[in-house]
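In what follows, a single structure is set out as structure tokens and then discussed.
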Amino acid sequence: MGDDGLKRKRVVLLGATGSIGCSTLEVARQLPERIELVGLSANGNVERLAAQARETGVRHVAVADPSKEAELRQRLPEGIEVHVGDEGLVELATLAEADVVLVAIVGTAGLHPALAAIESGKDLAVASKEILVMAGEVVTAAAERHGVRLLPVDSEHNAIFQCLDGHRGGDAEVSRLILTASGGPFRRTPGDELEGVSVEQALNHPTWDMGRKITIDSATLFNKGLEMIEARWLFGIGMDRIDVVVHPQSIIHSMVEFIDGSVLAQLSRTDMCFPIQYALTWPERVRGGLEPLDFTELAKLDFEPPRHDDFPAPGLARRAGLEGGTLPAVFNAANEVAVDAFVDRQISFPGIWRVVERVMDRHVLAGASSLEVVIEADAWARCQAAEACRDESCR
Ligand code: NDP
């Protein structure tokens, strides 16, 4: 308990060394009465993980890459238990002393530990949107079965979560969800110039400072596509009622339109500490170290429609979400492979969506209620995408 009698959350942080992980440490530093980190994980950045373990005083750390175990042990002070590999992530996610697991592992590597956390009755704060896109049906069914909350960390979904609080009529009262998109670095780039976009240009996001994969996803608008499918699972709403509007200032983080025509929006500075703090202190609001907006400094808030012809990702996501089954897993896996291929300079920037569309077109849909089927579809899509990346007509 904190001094004011409110409960302190004990948090396991998966992906501690990444962008969201570091922001979570910043939030925890500001709120020692509210948030206690009890476990941290990394893939291979053991230098940062060890420094974080010393700072936070956690008793448990996990390293996903087994080849880094020895180096991690050397860097850690006595008395910290080291968990290793995929199994180690699951052990960390199910620690008896944790109340909440925040999963901020890039891609789908966080799926197994996330499910293990749910099965051991812990609330799941979700930054890793890919796991909900890949296995939304499995994850939400597990959360329901075990009576745990899925707390959105992604700023758009956290905004919707905040707007919906107190409107428990839910689906019946909501007419649509409106996700805002910054538009990325190529908002004004003519469609015929996108072929020449470099990796460096794509990594230069105008408003958010994030990890590499999500920055590329923001440039292609695949990030918005992934978020549309994520919203469908988090809020149980049909894909046909999830819209996207480009809002270049990234001050409004998303909106809910209700059936009476009213719209609620959530606004804050572009700092992931806001949604992380709300997810970890929910259902309370607490004073942390975050600066509110100064409206006299805001020149204006702009809105424009997405350029669907030049950026097909939201359209592909809508198709994946409407057709459902294994198609969202295929959409996600093909994108992960294509992003890596773009960063490795094997394919062009528009090659990313050409690869994804090719793989989606070839997929034979199956139901997605079992984890095995979803994992199989994911693996199939990765092979197909790797092949498409080598094909001249996709690159
Ligand atoms: P980063 O690339 O900055 O960090 C990724 C983290 O995951 C690191 O801790 C990394 O460890 C770890 N990791 C990578 N691969 C593996 C693996 N195979 N097994 C275990 N751990 C692994 O990513 P972000 O923080 O930007 O994003 C994390 C997630 O949050 C993504 O799903 C993203 O879409 C989502 N998100 C991010 C936002 C942001 O502002 N950054 C906003 C909203 C959502 P190591 O450092 O050791 O490599």
Side-chain angles (χ1 to χ4, degrees), residues 12-27 39-53 61-69 71-72 75 83-93 101-114 124-134 151-159 161 179-182 184 203 205 207-220 222-227 229-231 234 250 253-254 268-276 278-279 332 335-336 339-340 343:
V12 162
L13 174 56
L14 301 177
T17 48
S19 163
I20 291 286
C22 291
S23 297
T24 305
L25 254 78
E26 210 173 308
V27 170
L40 304 173
S41 87
N43 187 33
N45 189 348
V46 291
E47 187 177 351
R48 183 174 287 172
L49 182 62
Q52 291 178 332
V61 294
V63 59
D65 179 352
S67 73
K68 296 284 184 168
E69 179 187 356
E71 187 188 342
L72 176 61
R75 289 178 180 275
H83 305 262
V84 183
D86 295 341
E87 198 46 47
L89 292 179
V90 168
E91 287 161 15
L92 199 73
V101 173
L102 194 160
V103 53
I105 291 176
V106 65
T108 49
L111 178 60
H112 285 295
L124 192 74
V126 188
S128 308
K129 59 194 87 191
E130 295 93 341
I131 66 176
L132 281 174
V133 176
M134 176 184 174
L151 301 161
V153 170
D154 217 347
S155 58
E156 292 77 0
H157 305 77
N158 191 273
F161 186 59
L179 301 175
T180 51
S182 71
L203 283 171
H205 196 276
T207 50
W208 291 99
D209 179 16
M210 310 178 284
R212 193 182 71 166
K213 188 211 172 227
I214 186 174
T215 305
I216 302 290
D217 284 345
S218 298
T220 54
F222 265 92
N223 185 47
K224 220 38 62 181
L226 295 168
E227 287 174 4
I229 302 172
E230 183 185 11
L234 282 171
S250 302
H253 298 298
S254 279
S268 72
R269 292 180 191 274
T270 52
D271 181 345
M272 284 306 293
C273 290
F274 282 95
I276 292 168
Y278 188 73
N332 176 65
N335 178 52
E336 281 191 31
V339 169
D340 281 344
V343 172

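Note that ligands are numbered from 1 as they come in the structure, with each ligand's atoms numbered from 1 the same way.
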- Item | Closest protein heavy atom (residue, atom, distance) for atom 10 (C) of ligand 1 | Thr17 OG1, 4.0 Å
- Message: When you compare ligand 1 with Gly44, is there at least one nitrogen or oxygen pair between them that comes in under 3.5 angstrom?
- Response: yes
- Message: Could you work out, with salt bridge (Lys or Arg N to Asp or Glu O under 4.0 Å) as the rule, every residue matching Glu91, not counting sequence neighbours?
- Response: none
- Item | Taking atom 19 (N) of ligand 1 as the reference point, the nearest protein heavy atom with its distance | Ala64 CB, 3.5 Å
- If you scan protein heavy atoms around atom 34 (O) of ligand 1, the nearest is Lys129 CE, 3.2 Å
- When Ile20, Ile131, Val153 are each screened for side-chain contact (heavy atoms from CB on, under 4.5 Å) with Val103, the one that passes is Ile131
- Walk me through it: do His112 and Leu89 pass the test side chain to side chain contact (heavy atoms under 4.5 Å, CB included)? CA-CA 8 Å; His112 285 295; Leu89 292 179; over 6 Å; no
- Identity and separation of the nearest protein heavy atom to atom 22 (C) of ligand 1: Asn43 CB, 3.4 Å
- Determine, stepwise, if the pair Ser254 / Glu227 fulfils side chain to side chain contact (heavy atoms under 4.5 Å, CB included). CA-CA 11 Å; Ser254 279; Glu227 287 174 4; over 6 Å; no
- Item | Residue, atom name and distance, where the atom is the protein heavy atom closest to atom 25 (O) of ligand 1 | Ile20 N, 2.9 Å
- Task: Using atom types as modelled and distance alone, determine if a side-chain donor or acceptor of Asp154 lies under 3.5 Å from a backbone N or O of Glu156.
- Result: no
- Note on the structure: Min over Ala104, Gly21, Gly211, Ser128 of heavy-atom distance to atom 6 (C) of ligand 1 lands on Ala104
- Item | Winner among Gly18, Pro113, Gly15 once heavy atoms are compared against atom 4 (O) of ligand 1 | Gly18
- Message: Within this structure, what is the NZ-CD distance for the pair Lys213 and Glu336, rounded to the nearest 0.5 Å?
- Response: 5.0 Å
- Task: Can you sort out the partners of Glu87 under salt bridge (Lys or Arg N to Asp or Glu O under 4.0 Å), two or more places apart, ordered by chain and number?
- Result: none
- Message: Looking at Val106, is its backbone amide N or carbonyl O close enough to the side chain of Ser128 to form a donor-acceptor pair, meaning the two atoms are under 3.5 Å apart?
- Response: no
- Item | For atom 35 (C) of ligand 1, the protein heavy atom that lies nearest, with its residue and separation | Ala127 O, 3.1 Å
- Message: Can you report which non-hydrogen protein atom sits closest to atom 3 (O) of ligand 1, along with the distance?
- Response: Ser19 N, 2.9 Å
- If you measure from atom 18 (N) of ligand 1 to every heavy atom of Ser41, Ser218, Ala109, Gly110, which option wins on shortest distance? Ala109
- Message: Is there a polar contact, in the sense of an N or O pair closer than 3.5 Å, between Glu130 and ligand 1?
- Response: yes
- Taking atom types as modelled and ignoring hydrogens, do the side chains of Lys129 and Asn332 form a donor-acceptor contact shorter than 3.5 angstrom? no
- May I ask you to identify the nearest protein heavy atom to atom 43 (C) of ligand 1, giving residue, atom name and distance to one decimal place in Å? Asp154 OD1, 2.9 Å
- Counting both backbone and side chain atoms, is some N or O of Asn45 under 3.5 Å from an N or O of ligand 1? yes
- Query: Taking only heavy atoms of Met272, which atoms of ligand 1 are found under 4.0 Å from at least one of them?
  - Reply: 40 (O), 42 (C), 43 (C)
- Are Val126 and Leu151 close enough, and set up right, to give a side chain to side chain contact (heavy atoms under 4.5 Å, CB included), and what steps lead you there? CA-CA 6 Å; Val126 188; Leu151 301 161; over 6 Å; no
